[in-house]
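As the structure lists them, so they are numbered: ligands from 1, and atoms in each ligand from 1.
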Amino acid sequence: MVLPGDGIGPEIMKEAVRVLDKVSEKFKLAIAYEIESIGGSSIDKTGMPVTDDVLKKCKSAKAVMLGAVGGPKWESTSPDSLRPEDALLKLRKELGLFANLRPVKVYDKLLSASALKEEIIKGVDILFLRELTGDVYFGKKERLIENGSVTAYDTMIYRDYEIERIARLAFEMAKTRRGKVTSVEKANVVESSRLWREVVTEVHEDYKDVELSHMYVDNAAMQLVRNPRQFDVLVTSNMFGDILSDEAAMISGSIGLMPSASLRQDSLGMYEPIHGSAPDIAGRGVANPLAAILSLAMMFKYSFKNITAALAIEDAVNLFLEKGYRTMDIYNDKEADSKLVGTIQAGDIIINTLDQF
Ligand code: IPM
Ligand code: MN
């Protein structure tokens with residue numbers, strides 16, 4: 001299923017789908033897809049952020065590729081208004097996609113694109129593992145009048161089994177990497193964080209060969225910009241992971257480079273760039289399609305178990321950057337030989353590169 005969504009979603013997904021077609025042709029794969037609306041564009045068309053029909057199609061698909069949802073047109077603070085974001089949350093919950101992988105890598109060629117100093121970020125390779133179906137995102141919400149004041153409640157909730165399964169995945173993934181897990185919470189204040197720390201410590205008993213450390217989220221926010229190389233796998237709750245992964249994106253230079261995979265126990269996954277709908281640049285043909293294209297590579301890896309195709313896409317992206325092609329978000333006029341390109345041109349270059357391998 002392909003769900004382009006809102007803002008720059010349709011522009012970048014068009015390129016990702018062209019790359020998908022190219023990869024299918026190159027490796028002689030029979031990949032069929034359908035394109036459907038989601039988010040604000042679905043509200044406009046059907047009155048719902050996601051229809052039951054689209055949800056059903058996603059459930060029976062092998063993988064879902066999503067662009068982005070949301071925009072000023074649908075923003076409202078009223079408690080009972082329909083929000084494009086609800087579509088995303090519903091998909092994650094109903095598909096049971098509890099594990100959100102957000103890898104943060106630094107491309108040597110882009111060291112100067114980061115707001116951080118080169119010596120701090122060189123060689124960073126972090127796997128962010130964000131829990132995706134619990135927390136304040138799905139806890140009970142309420143708005144009422146209490147003692148004459150308008151009062152709003154959100155519930156930060158975690159169940160032991162939700163923590164256990166994400167912790168287990170964190171340790172499993174660490175085993176294939178540098179063998180280090182940092183679990184991030186706020187156990188000095190928050191009760192669900194205390195349970196988080198307890199369960200993670202228990203699960204660690206089964207993974208004694210992996211090094212585990214616990215870190216408070218405020219400290220983690222600082223450590224990420226102070227010394228990001230200390231992290232290998234960073235596992236955290238839904239809300240903390242949302243915030244920290246945007247921060248971590250700036251290590252790699254641009255959020256326009258950050259792919260993600262949302263997974264569950266079997267191979268069904270949803271793949272989306274983490275940058276969102278970027279309404280300020282939508283429709284101008286300048287958005288960076290690389291995060292969407294790299295999400296496609298994650299789809300080949302995790303849902304289709306086709307490492308060859310995944311690597312081919314990643315290699316094409318590397319070559320693109322090495323040759324100096326830059327979309328607006330990563331363009332630096334002081335960099336010698338860098339060439340500013342638009343969204344479609346970037347797609348063309350990736351496709352041509354895939355042809356040459
Ligand atoms: C993300 C986004 C979403 C989230 C929004 C759009 C609901 O920020 O995927 O990181 O908060 O999870
Ligand atoms: Mn976010």
Would you say the side-chain atoms of Arg130 pair up with the backbone N or O of Ser262, donor to acceptor, closer than 3.5 Å?
-> no
Apart from Tyr153 itself, residues in the same hydrophobic cluster as defined by side-chain heavy atoms under 4.5 Å = Leu144
Sorted by chain and number, the residues that approach ligand 1 to under 4.0 Å with a heavy atom = Glu85, Leu88, Arg92, Arg102, Arg130, Tyr137, Asp242
How many angstroms lie between atom CG of Leu55 and atom CD of Glu94, to the nearest 0.5 angstrom?
-> 4.5 Å
Flag for Asp53-Thr51: side-chain donor and acceptor within less than 3.5 Å = no
Supply the atom-to-atom distance Glu314 CD to Leu296 CG, rounded to the nearest 0.5 angstrom.
-> 10.5 Å
Between Lys180 (side chain) and Gln230 (backbone), is there a donor-acceptor pair under 3.5 Å?
-> yes
Could you please give the number of protein N/O/S atoms within less than 2.8 Å of the Mn ion (ligand 2)?
-> 1
Rounded to the nearest 0.5 Å, what's the gap from CE on Met215 to CG on Asp218? Could you check?
-> 10.5 Å
Rounded to the nearest 0.5 Å, what separation is found between the OG atom of Ser303 and the CE atom of Met65?
-> 11.5 Å
Hydrophobic side-chain clustering at under 4.5 Å (ILVMFWY, transitive links): who's grouped with Leu82? Put none if nobody.
-> Ile43, Trp74
